[in-house]
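Note sheet for the following structure.
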Amino acid sequence: MPEAQSGGAALLAAARALGPRILAERDRIEASRRLPEELARNLARQGFFRMFLPEAYGGLDLAPTQGLEILEELARADASVAWCVWNGNTHWIAAQLSPEAARAVHGDSDVVTANSTRASGHAEAVAGGFRVNGRWSLVSGCELSAWMVLLCTVHDGGKPRLTSSGAAETRFVVLPARDCEIIDTWTVGGLRGTGSHDVTVRDVFVPASHAAGFTDPHVLPQPRYRMPPFCRVIPGLGAMTLGIARTAISSLTEIAADKQLQRSQQILRENHGAQIRVAEAEALVRSARLYLFESVERLWRTSLETGTAPIEMRADARMAAWHAVFSAAKAVDLMYAVAGATALYTSSPLERAFRDVHAITQHIGVHSRVMETAGRVLFGLEPDTPLL
């Protein structure tokens with residue numbers, strides 16, 4: 001898809017060009033715990049929230065690795081900005097949602113959506129759709145969004161509806177943000193600017209056309225939409241942490257050029273311990289990046305060519321995302337330690353990098369449980385979750 005290739009290059013260039021403006025907004029983002037409205041609208045106008053949206057609905061439909069490069073670049077400037085763009089591109093059910101609903105949501109090319117994959121909502125089946133109630137936490141970018149995409153457990157006659165496997169049925173419901181209430185809960189350390197508040201819905205009707213689940217038939221038939229959503233989305237966590245780590249290494253390099261060690265005449269960059277640690281951080285970031293991009297690209301090419309996503313490749317992509325996140329976190333920790341007390345101050349990019357990278361390590365997408373499932377696959381056992 002040549003158009004997607006050129007669109008990816010243009011958006012990557014736009015991300016680089018936005019760097020100085022994002023850096024100028026960092027204190028404001030931190031203080032307000034959300035992205036400034038004008039910055040969010042600028043990002044939307046340039047297409048950052050349409051990176052992975054299908055072309056049929058006005059999206060750029062980029063290849064996964066193109067999006068990873070863009071998220072990595074945005075995170076070098078500010079992780080909260082990158083996070084909101086990442087979360088606004090988790091179009092979990094775009095290829096399975098009814099065209100009617102997809103066009104209603106994405107008819108405005110500048111629209112921003114927020115979502116939650118926590119099945120903490122209750123969708124009671126009624127004539128023509130669902131009656132929805134619930135409260136969802138960690139809904140990043142909810143204050144910026146016109147639509148909410150929220151996961152619910154489906155009930156029928158007051159009881160959970162079961163799938164053929166005996167599990168409770170879950171579906172995403174898509175509803176206007178005006179039908180939701182935002183509860184201010186996002187008082188945190190890392191990723192403070194993402195505005196990841198709680199969202200509640202009380203007795204709202206959602207038509208059946210505006211609901212879909214992971215296992216629904218695909219409305220869009222192209223092989224590119226058969227790549228499992230978690231394998232497409234979760235690697236973004238790795239890309240963002242690599243961007244954070246890259247900023248940490250460059251910040252430490254600047255500090256080391258003229259910082260004199262306490263009780264010593266030695267400049268930090270001449271210290272053998274500092275030299276070892278910066279080399280280790282560089283190796284961690286470069287190797288993790290290669291593994292991440294290679295595994296995602298291989299799965300993507302296989303999906304395009306065959307319309308399938310072999311379980312071994314899925315496990316590999318998820319392992320690579322986990323490895324990138326924790327390698328980047330280790331690289332940041334090394335740079336933070338080498339900088340000494342300088343890294344404590346909020347004026348230092350290392351202070352922000354430390355908080356933000358460790359916030360990402362807490363995401364369920366890179367929980368140690370993922371590696372347990374990947375290990376099952378490596379041992380030739382069946383995965384213990386269908387969402388690998």
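For the single chain, residues carry numbers from 1 onward in sequence order.
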*Measure the shortest side-chain to side-chain distance between L299 and C231 over non-hydrogen atoms and say whether it is less than 4.5 angstrom.*
yes

_Quick one, M51 and Q66 - any side-chain contact, counting heavy atoms below 4.5 Å?_
no

*Determine whether M227 and V370 fall in the same hydrophobic cluster, where Ile, Leu, Val, Met, Phe, Trp and Tyr are linked whenever their side-chain heavy atoms lie under 4.5 Å apart.*
no

*Could you check V338 against N271 for side-chain contact (heavy atoms from CB on, under 4.5 Å), going step by step and ending with a plain yes or no?*
CA-CA 10 Å; V338 171; N271 177 267; over 6 Å; no

*asked:* Do Y57 and V85 land in one hydrophobic cluster if side-chain heavy atoms of ILVMFWY residues count as linked below 4.5 Å?
replied: no

*Electrostatic pair E72:R76 at N-O distance under 4.0 angstrom*: no

*Walk me through it: do L237 and W322 pass the test side-chain contact (heavy atoms from CB on, under 4.5 Å)?*
CA-CA 8 Å; L237 299 173; W322 183 95; over 6 Å; no

_Does this structure show an ion pair linking R298 with E294, if we count only N-O contacts that are shorter than 4.0 Å?_
yes

*Assess whether atom CZ of R277 is packed by more than 12 heavy atoms of other residues, nucleotides or ligands within 6.0 Å.*
no

*Heavy-atom distance under 4.5 Å between the side chains of L252 and Y336, does that happen here?*
no

*Can you establish whether the number of heavy atoms outside D384 located under 6.0 Å from its atom CG is more than 12?*
yes

_I'd like to know if the side chain of H91 pairs up with that of N115 as donor and acceptor (distance under 3.5 Å, no hydrogens or angles considered)._
no

*So do the side chains of D184 and R33 get within less than 4.5 Å of each other, counting heavy atoms only?*
yes

*Is E37 salt-bridged to R41, cutoff N-O under 4.0 Å?*
yes

*Side-chain donor-acceptor contact under 3.5 Å, S250 with R246*: no

_Student check: side-chain heavy atoms of V278 and M335 closer than 4.5 Å_ = yes

*Between S140 and W83, does any side-chain donor sit less than 3.5 Å from a side-chain acceptor?*
yes

*Note, T385 side chain near R376 side chain (heavy atom, < 4.5 Å)*: no

*asked:* Are there over 12 heavy-atom neighbours, none belonging to Q262, within less than 6.0 Å of that residue's CD?
replied: no

*Any side-chain donor paired with an acceptor under 3.5 Å for N42 and Q46?*
yes

*asked:* Are there over 12 heavy-atom neighbours, none belonging to R161, within less than 6.0 Å of that residue's CZ?
replied: yes

*If two hydrophobic side chains count as joined below 4.5 Å and joins carry through other members, does V366 share a cluster with W92?*
yes

*Which residues, ordered by chain and number, are linked to F379 in its hydrophobic cluster, where ILVMFWY side chains connect at heavy-atom gaps below 4.5 Å, directly or through other members?*
L381

_Close side-chain approach of F49 and N87, heavy atoms under 4.5 Å_ = no

*Between L350 and I255, is any pair of side-chain heavy atoms under 4.5 Å apart?*
yes

*In sequence, state the C-alpha distance, the side-chain angles, and the governing distance for Y291 and M319, and then conclude on side-chain contact (heavy atoms from CB on, under 4.5 Å).*
CA-CA 9 Å; Y291 180 29; M319 285 190 293; 3.6 Å; yes

*Under the 3.5 angstrom rule, does the side chain of D78 hit a backbone N or O of R26 as a donor-acceptor pair?*
no

*Should I93 and R171 be marked as a side-chain contact (heavy atoms from CB on, under 4.5 Å) after you check the CA-CA gap, both sets of side-chain angles, and the distance that decides it?*
CA-CA 10 Å; I93 51 169; R171 297 182 79 72; over 6 Å; no

*Could you please spell out the steps behind the side-chain hydrogen bond (donor to acceptor under 3.5 Å, both in side chains) verdict for R369 and T373?*
CA-CA 6 Å; R369 182 82 166 70; T373 299; 3.3 Å; yes

*asked:* Starting from L150 and following side-chain heavy-atom contacts under 4.5 Å between hydrophobic residues (I, L, V, M, F, W, Y), which residues can be reached?
replied: F130, V132, W136, V139, M148, V154, V173, L175, I182, V199, V201, V204, V206

*Any Lys/Arg nitrogen of E351 or R355 sitting under 4.0 Å from an Asp/Glu carboxylate oxygen of the other?*
yes

*Same apolar cluster: V233 and L74, side chain cutoff 4.5 Å*: yes

_From L191 atom CG to I244 atom CD1, the distance as rounded to the nearest 0.5 Å_ = 6.5 Å

_salt bridge (charged side-chain N to carboxylate O under 4.0 Å, His left out) between R131 and E124, intermediate numbers included_ = CA-CA 5 Å; R131 185 66 60 180; E124 183 70 31; over 6 Å; no

_Let me check something: do V111 and L43 share a hydrophobic cluster, defined by ILVMFWY side-chain heavy atoms less than 4.5 Å apart, either directly or through other members?_
yes

*Lys/Arg-Asp/Glu bridge criterion (N-O < 4.0 Å) met for E73, R16*: yes

